[in-house]
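Structure first, commentary second.
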Amino acid sequence: MKKIFLVVICAFIFFLGGSSCYSYPKTEINASRRKKENTYNYAAINDDIDNEVFELFVKLHKNYKKNNNEVVFSYEKFTDPFALSFLFDFWVYSGDNIVRKIKRTYNYAASDGKSIILNDIILIDVYWPLLQNEMKKRGININTNDLKFFKYIVNKDEIVFYYPLDYEANYLTVTLANNGVTYQDTADTEVNGERRAALTFDDGPSSATKDLVDLLNKYQIKATFFLLGERVKYYPDEVGYIYQSGHEIGNHSYSHPDFSKITLSEAEKEIADTQEAVYKLISSYPKLFRFPYGNYNISALNMIDLPVVLWDCDSEDWRYRNSQIVYNNVLSSLSAQTVILFHDFAGYHKTAIEAVINYLDSQGYRFVTVSEMFAFHSEENVVFGKIYY
Ligand code: ZN
């Protein structure tokens, strides 16, 4: 891959209490390389990128304006007979510290300018086993849910993958042979008004976890498990089973305290210990956090460097033995983009969960993980100090 040029476009400084005024220079993307047979228009591609980069920048500005932050970005352009690609790097500084690094990639076919994407099918069938293997060599585990977090630059022979290890986004780079790509199809883009449900299971792992995972796997549903750090050592196989089945793992604290009643340093320890306990078992860190009981205080919320997710639909499955009541609880508070709270415990409501799955399916809901629901794989969508539900 030949680096054509690298340029730091601009640095923006936002002052506390200062004006929200900022400027955005249009990127001048070099479009000098044109093949004679090309009928597509590089200028149009440049405009598309300009718009996306502008939107990304506006989001970053909004997310970080409360701090005295500086946002810098640069980009590299790559060309070869197969593709035209752009790699953008954004850095968010707080003083001298980089608090976020964000990569964004764009790939276009040299033949017709179509957007090159790796869809879920090719990612899972072709690249996942290879990526998993390469990551393992670096001591990192990935499951199919993690695939969404990869960015990539494509050329004729190779694909360079970038994987954010954490929310400061220290990236690992893996280069694989180009074993095929797919192209953006308008039918792939998200249909407006599509209904989606994220099933979430709190307080596990438990003796019921494997059964629960089998139930989800039977319906080919990927769900999100918010685990308790102090429980994972008792159910190590269950944690591995959740993860290897492609479900998402979140942090639900170590000992399930009420965060509105503990100190900030206790809160910090609850979260950090759980991150480590899970990592020790599966070599992958939880990417989300959920407060026990949904209780929090603002300082704890602002301290957490993971996206914080609660729920909008409560099954109250821990409260009732009667599955019909649990089922009715869910149906009475569903929304079009719904995060449903269940629990992973010995008395879990298999019948109610299965009935809910069938009902949602009949209503045209698509099942997603929490990260998919809020598009957390695009890091600029993660707003710290915000509660997602
Ligand atoms: Zn809980």
Side-chain angles (χ1 to χ4, degrees), residues 120 144-145 148-149 188-204 208-209 212-227 242 245-252 286-296 301 304 306-320 322-345 348-378 381-383 385-389:
D120 289 353
T144 49
N145 180 64
K148 288 183 289 291
F149 290 84
D188 287 346
T189 57
E190 206 169 285
V191 183
N192 272 344
E194 179 194 39
R195 296 205 260 186
R196 297 183 304 168
L199 305 185
T200 67
F201 298 91
D202 285 12
D203 299 0
T209 301
L212 180 50
V213 170
D214 286 341
L215 175 67
L216 296 166
N217 291 354
K218 176 179 147 192
Y219 289 95
Q220 297 187 305
I221 290 171
K222 301 293 182 233
T224 304
F225 288 77
F226 288 94
L227 303 184
I242 295 170
S245 300
H247 301 288
E248 181 165 60
I249 290 183
N251 179 328
H252 191 41
K287 291 185 169 70
L288 309 158
F289 179 73
R290 174 177 275 171
F291 286 104
Y293 317 104
N295 288 352
Y296 61 94
L301 179 61
I304 296 166
L306 295 168
V308 175
V309 181
L310 296 184
W311 57 86
D312 70 328
C313 179
D314 190 350
S315 67
E316 296 191 72
D317 54 352
W318 53 274
R319 192 191 291 271
Y320 299 102
N322 183 327
S323 280
Q324 187 64 45
I325 297 175
V326 173
Y327 175 77
N328 291 344
N329 285 342
V330 171
L331 263 61
S332 65
S333 53
L334 281 174
S335 63
Q337 305 292 322
T338 201
V339 179
I340 307 174
L341 171 61
F342 290 109
H343 290 82
D344 170 1
F345 64 117
Y348 90 100
H349 282 276
K350 187 172 187 171
T351 316
I353 292 165
E354 198 158 15
V356 165
I357 288 171
N358 285 317
Y359 174 80
L360 291 171
D361 193 44
S362 75
Q363 298 301 302
Y365 276 86
R366 190 158 67 86
F367 294 94
V368 293
T369 61
V370 167
S371 287
E372 277 179 294
M373 174 74 85
F374 301 106
F376 288 147
H377 51 276
S378 293
N381 292 328
V382 180
V383 180
K386 173 178 168 167
I387 303 262
Y388 289 86
Y389 57 87

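Just so we're clear, the structure is a prediction, and the values are computed from it rather than from any experiment.
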(message) How close do Pro286 and Asn251 get, counting heavy atoms only, and between which atoms?
(response) CB-N, 3.8 Å

(request) Could you pull out the closest heavy-atom pair between Gly246 and Thr144, with the gap in Å? (result) CA-OG1, 3.4 Å

(message) Once rounded to the nearest 0.5 Å, what's the spacing between atom CE of Met373 and atom CZ of Phe367?
(response) 10.5 Å

(request) Check ring pair (Phe, Tyr, Trp, His ring centres under 6.0 Å) between His252 and all other residues, then give those that pass, not counting sequence neighbours. (result) His256

(message) Under a 3.5 Å distance rule, please check whether Asp312 uses its side chain to pair with a backbone N or O of Val339 as donor and acceptor.
(response) yes

(message) Closer than 3.5 angstrom, by distance alone: can the side chain of Gln337 be matched with the main-chain N or O of Ala198 as a donor-acceptor pair?
(response) no

(request) Could you pull out the closest heavy-atom pair between Thr351 and Ser323, with the gap in Å? (result) CB-OG, 3.9 Å

(request) Assess whether atom OH of Tyr296 is packed by more than 12 heavy atoms of other residues, nucleotides or ligands within 6.0 Å. (result) no

(request) Taking the side chain as every heavy atom from C-beta outward, state whether Ile340 and Leu334 have any pair of such atoms under 4.5 Å apart. (result) yes

(request) Calculate, to the nearest 0.5 Å, the distance between atoms CG and CG belonging to Asp202 and Leu341 respectively. (result) 5.0 Å

(message) Please give me the minimum heavy-atom distance between Lys386 and Leu301, naming the atom from each residue.
(response) O-CD1, 4.3 Å

(request) Check for a donor-acceptor pair, side chain of Glu194 on one end and backbone N or O of Arg366 on the other, with a separation under 3.5 Å. (result) no

(message) Tell me whether the NZ or CZ atom of Lys287 lies within the 45° cone about the ring axis of Phe149 and under 6.0 Å from its centre.
(response) yes

(request) Look only at the side chain of His349 and the backbone of Asp317, and say whether a donor-acceptor pair between them is shorter than 3.5 Å. (result) yes

(request) Drop me the distance from Phe225's CZ to Arg290's CZ, to the nearest 0.5 angstrom. (result) 12.0 Å

(request) Applying ring pair (Phe, Tyr, Trp, His ring centres under 6.0 Å), run through Phe291 and Phe289 and close with a yes or a no. (result) CA-CA 7 Å; Phe291 286 104; Phe289 179 73; 5.0 Å; yes

(message) Nearest 0.5 angstrom please: Ile357 CD1 to Ser362 OG, how far?
(response) 12.0 Å

(request) To the nearest 0.5 angstrom, please state how far the OH atom of Tyr388 sits from the CG atom of Leu288. (result) 11.0 Å

(request) Before giving the answer on side chain to side chain contact (heavy atoms under 4.5 Å, CB included), spell out for Leu199 and Tyr219 the whole-Å C-alpha distance, their side-chain angles and the decisive distance to 0.1 Å. (result) CA-CA 12 Å; Leu199 305 185; Tyr219 289 95; over 6 Å; no

(message) Restricting to non-hydrogen atoms, name the atom on Leu216 and the atom on His247 that form the minimum distance, rounded to 0.1 Å.
(response) CB-CE1, 3.8 Å

(request) Supply the atom-to-atom distance Asn358 CG to Ile353 CD1, rounded to the nearest 0.5 angstrom. (result) 12.5 Å

(message) Please find the pair of heavy atoms, one from Thr369 and one from Ala223, that lie closest to each other, and give the distance.
(response) CG2-O, 4.0 Å

(request) Please tell me if the side chains of Asn329 and Tyr320 come closer than 4.5 Å, counting only heavy atoms from C-beta onward. (result) yes

(request) Decide yes or no on side chain to side chain contact (heavy atoms under 4.5 Å, CB included) for Phe342 and Val356, but give the supporting numbers first. (result) CA-CA 11 Å; Phe342 290 109; Val356 165; 4.2 Å; yes

(request) Mind checking ring pair (Phe, Tyr, Trp, His ring centres under 6.0 Å) for Tyr365 and listing every partner two or more places apart, or none if nothing turns up? (result) none

(message) Between Phe201 and Tyr348, is the ring centroid distance below 6.0 Å?
(response) no

(request) For Thr224 and Val309, run side chain to side chain contact (heavy atoms under 4.5 Å, CB included): C-alpha distance rounded to whole Å, both residues' side-chain angles, the deciding distance at 0.1 Å, then the answer. (result) CA-CA 11 Å; Thr224 304; Val309 181; over 6 Å; no

(request) Could you tell me whether Glu354 and Lys218 make a salt bridge, using a distance below 4.0 angstrom between a side-chain N and a carboxylate O? (result) yes

(request) Walk me through it: do Thr200 and Phe226 pass the test side chain to side chain contact (heavy atoms under 4.5 Å, CB included)? (result) CA-CA 7 Å; Thr200 67; Phe226 288 94; 4.1 Å; yes

